[in-house]
Amino acid sequence: MNEDFLLIILRDLLPRRPDLRLILMSATINAELFSQYFRDAPTIHIPGLTYPVEELFLEDVLEKTRYLIKSEADNFQGNSRRRMRQQDSKRDPLTDLFEDVDISSHYKGYSMTTRQSLEAWSGSQLDLGLVEASIEYICRCEGEGAILVFLAGWDEISKLLDKIKANNFLGDTRKFLVLPLHGSMPTVNQREIFDRPPANTRKIVLATNIAESSITIDDVVYVIDCGKAKETSYDALNKLACLLPSWISKASAHQRRGRAGRVQPGVCYRLYPKLIHDAMAQYQLPEILRTPLQELCLHIKSLQFGAIESFLAKALQPPDALSVHNAIELLKTIGALDDTEELTPLGRHLCTLPLDPNIGKMLLMGSIFQCLNPALTIAAALAHRDPFVLPLNRKEEADAAKRSFAGDSCSDHIALLKAFEGWKDAKRYGKERTFCWENFLSPVTLQMMEDMRNQFVDLLSDIGFVDKSRGAKAYNEYSNDLEMVCAILCAGLYPNVVQCKRRGKRTAFYTKEVGKVDIHPASVNASVHLFPLPYLVYSEKVKTSSIYIRDSTNISDYSLLMFGGNLTPSKSGDGIEMLGGYLHFSASKSVLDLIKKLRVELDKILKRKIEEPHFDVSVEGKGVVAAVVELLHSQDIRY
DNA sequence: GAGCACTGC
C-alpha cells in the first residue's frame, strides 16, 4: 500500500472515528513521518511501524572493518586474477558487470586495502570471513541490539556457525547467543529466536529468506545482507526444476534492510558493492515464468478460458511457449486432457483437488484401489512439505531414523507413511513430543498433514469417491499391502520414472529427459547399492549442484505395466514399449498377451469408476483387482 | 553427500 495514502487514511479517519481500530498487518510506515501527523495522538501500536535504517555497501563495510578479501586465485601465479575469475562457470551478469569496473578510478576516495579487497572480491562466492568480520565489528564497535544475517542456504548457515564457534571473541556463549534459522532445521527452543536475550548477551541470528517476511524478529538493530538467495527456476528444455543461488531483487534488498528498524533506528551492512545493488532487478521474475505449469493449465480448462496457449499468451508476462507445451503434454500423458486438449472425466476430478495433477491422481487411485489411508498421507506430505527435519549436528541419527521407517521398502514415500502412522500411534498415548524428537520429525508439519488428510477426505466425498457412511475399512483393504501401495504411487507419479541400471556393485539412474541423475543424499535410497526392482518413481527432480531425485520408490515392471502409461507394441521384436519407446519390456508372447489383456480389463474398470464414481470396484471389479494384486506379488527379480 | 521461502483453492 502507498505510504502517503495510508497516512491520509489514518489522519482523516482516526480523529473522526475514535472507536475505529485499524490493524495494519503488512504496511510499513516511516516512524518520523508518522509522528508528524500524530504528535498529540495517543500511542497506537502499528505492527508495520519502522525506523530509518542506515545503509552500508561492501566498500563502506571494508573501510570500517579493514577486512582484507583474499582472492581464490591468490594461490596461483600471475597478476590477472580478475580475468581468471571471468572464466569461472558460475559467473552471472551482475558479477561480470563488476569485474569490468576499473577499481582504482571508481573507488579513488577509498583506502588502499579496500581497493585491494574490491579487486579480489568475487560475486560468485560468499566470503564467510567477511561475514564473520562484519559481525565482530558490530559487536565490538556498535551499540546494543540483535544482529540478523541473511544467507543463501543451509550450507552457509552451518559453516558460519562453525566459524563463529571457533572465533576467540564471538565464540563466548555467555556474551553471544548464535541461532540458526532455516525452514527445515529443527528449532530446539523456538522462543529463543523471538525473546530478548539476557542482559549483556547479544543475539545473532543466521537466517535464510525465512526471516525476510515469514518470521519477524522484533529486536533486530543490525542486518547483514549477503545479497543472495536460492531461487527456483524452470528449465523448459530439460523439463527440469532448478534451485540455484542468485542475486536478490532491489525489492528483497529493501525488505531485508527493513528488518532492522522495528524498535529503533538500525544499520544494514550489505556485503556487495553499491554498483551491484544498483544493477539488481527491481523485482524477482514472476512466478509464472519460474514454475511448471500443469496445475495452472488444468484450471484454465476447468474455468473454460478457451485454448490454454492463447489464454496464457494474454498474461502480463506470458510464460515460454515450450513451458506451456510441456504442461499440456504432461496433462495428456496422465490422462487429464484428451488429444483435443479438452478435460477428460479424470481431468475434471483433478480440478476439484487442490493438488498437483500427479498427486491428485495418486489420491484418486488410492481411493479406487482401497489404499486410501496411505494415499492421503503421502499426498498430504508431497503437497505440503517433508515432515522430516534436518538437524545440524545429528545427521547420521536423522538419516538412520528415516531409514528405519522405510525398512527394506526402498521408498521415501513408505518412510513418510510409516512416520505419520508412528506419530498417530504416539499421539494416542500422549507421547507425541518424544516421538517427534527421537525421530527427527516436525510436529507442526505432521499436524498440518493430518488436517490436510481430513480436507482431502471431504473433497473425495464431495465428488463421490468416498462414502463416509461406509466407514474407513471399505477403502483400506490393501492399505497394508506395500506392493499395492507402491503400484498406486506408480499410477500417480508416472511419467516420473527412473531406470535403475546395474554398474558392477552399484546402480546408475537414468531418466528420459535428462539422462543420468543422482539420488538425493537425504533419500533413503541414497545408501542402497542394488535395488530389488528395476525402476523408481519420484515426485521431484531438482537441479542444484547436480540433478537429484529427491524422493523415490522402487517399483516393479508389473507396477508400470498395470499402472504406468499406455502400452504400445515395440517397433523391433515383439515386446511392449512405454514412455515413447524409452521403456521396453520383453517376455514370452503368451505372458505379454496375458499382461495386455489384464491391463485392458483394468483400464475398463478404471474408466467406468472415473465416469461413475459411485460404481463399486470391490464388487464388480473384484476378480480383475485380485488378479492385478496377485501379479504385483509375483514380481520376478531377474533384473 | 545435501536441504530458499510462501500462497491459494
Side-chain angles (χ1 to χ4, degrees), chain A residues 26 126 149-159 180-186 206-216 225-233 241-249 251-252 255-256 259 284-288 290-291 295-296 298-300 302-303 349-357 359-360 363 379 383-396 398-400 402-403 412 440 442 444-445 448 451-452 455-456 458-459 462-463 506 517-529 540-551:
Chain A
S26 59
L126 179 66
V149 187
F150 282 102
L151 299 160
W154 202 97
D155 194 44
E156 289 175 359
I157 293 177
S158 168
K159 282 182 179 153
L181 181 60
H182 182 288
S184 46
M185 276 178 194
L206 314 183
T208 61
N209 255 357
I210 196 167
E212 195 172 297
S213 54
S214 313
I215 286 176
T216 298
D225 172 22
C226 75
K228 295 269 182 95
K230 289 197 182 165
E231 199 178 65
T232 51
S233 53
C242 305
L243 181 62
L244 300 168
S246 63
W247 290 107
I248 58 173
S249 64
S252 270
Q255 173 70 7
R256 287 182 175 191
R259 301 318 255 175
Q284 192 186 29
L285 206 61
E287 193 178 340
I288 200 173
R290 295 188 291 115
T291 51
E295 204 181 342
L296 178 63
L298 196 66
H299 284 102
I300 290 170
S302 84
L303 293 166
H349 292 312
L350 293 179
C351 290
T352 66
L353 299 170
L355 291 167
D356 177 87
I359 301 172
L363 191 52
H384 183 233
R385 58 145 80 215
D386 192 341
F388 286 99
V389 291
L390 309 160
L392 270 167
N393 312 315
R394 303 165 69 199
K395 291 184 214 183
E396 285 77 16
D399 284 353
K402 193 171 176 182
R403 276 199 301 273
D412 293 301
F440 303 91
S442 155
V444 177
T445 305
M448 176 63 90
D451 298 344
M452 290 173 78
Q455 187 199 345
F456 296 156
D458 290 345
L459 290 165
D462 290 347
I463 56 175
R506 292 191 157 267
V517 294
D518 293 317
I519 303 298
H520 194 279
S523 163
V524 298
N525 286 333
S527 52
V528 177
H529 294 315
E540 221 185 354
K541 178 175 73 206
V542 182
K543 181 182 167 184
T544 52
S545 54
S546 168
I547 301 176
Y548 287 113
I549 302 295
R550 283 245 173 104
D551 54 327

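The model shown is predicted, which means the values in this text are computed figures rather than measured ones. Sequence lines set the chain letters: A, B, ... in the order given, protein chains first and strands last, and positions in each chain run from 1.
Going from atom NE2 of H520(A) over to atom P of dG3(B) covers 4 Å, rounded to whole Å. Between the CG atom of D518(A) and the P atom of dG1(B) there is a distance of 9 Å, rounded to whole Å. Whole-Å rounding puts the D386(A) CG to dG3(B) P distance at 13 Å. Protein atom CD1 of I549(A) is 16 Å distant from nucleotide atom C1' of dG1(B), rounded to whole Å. Per the geometry, CE belonging to M452(A) stands 11 Å off P belonging to dG8(B), to the nearest Å. Regarding Q255(A), its CD atom lies at a distance of 12 Å from the C1' atom of dA5(B), rounded to whole Å. Regarding L181(A), its CG atom lies at a distance of 13 Å from the P atom of dC4(B), rounded to whole Å. Following rounding to the nearest Å, N393(A) (CG) and dA2(B) (C1') show an atom-to-atom distance of 16 Å.
Of the options E231(A), K230(A), R256(A), a side chain to side chain donor-acceptor pair (under 3.5 Å) to N209(A) is made by R256(A) and by none of the others.
When heavy atoms are screened at a 4.0 angstrom cut-off, E295(A) is found touching base atoms of the nucleic acid. Counting non-hydrogen atoms under 4.0 angstrom, T232(A) reaches a base of the nucleic acid. Counting any heavy atom pair closer than 4.0 Å across all strands shown, I210(A) reaches sugar-phosphate atoms only and no base atom.
Of the side-chain N and O atoms in R385(A), one or more sit less than 4.0 angstrom from OP1 or OP2 of dC6(B). For S214(A) and dA5(B), the shortest distance from a side-chain N or O to OP1 or OP2 is not below 4.0 Å. Within the 4.0 Å cut-off from OP1 or OP2 of dA5(B), at least one side-chain nitrogen or oxygen of H182(A) is found. Here T544(A) reaches the OP1 or OP2 of dG3(B): one of its side-chain N or O atoms lies under 4.0 Å away.
Look at D155(A) and K159(A) and you find a salt bridge, because one of the NZ, NE, NH1 or NH2 atoms lies within 4.0 Å of a carboxylate O, short of that distance.
With hydrogens and angles left out, the side chain of D399(A) and the base of dG1(B) share a donor-acceptor pair within 3.5 Å.
Mapping H384(A) and S545(A) onto DNA chain B by nearest heavy atom places S545(A) closer to the 5' end of the strand. Toward the 5′ end of DNA chain B lies the nearest nucleotide of E287(A), the other residue of the pair P354(A) and E287(A) mapping further downstream.
One finds the CZ atom of R550(A) at 13.0 Å from the NZ atom of K541(A) (value rounded to the nearest 0.5 Å).
Between L206(A) and L181(A) there is no side-chain heavy-atom pair separated by less than 4.5 Å.
For the 3.5 Å distance criterion, the side chains of T232(A) and R290(A) qualify, holding a donor opposite an acceptor.
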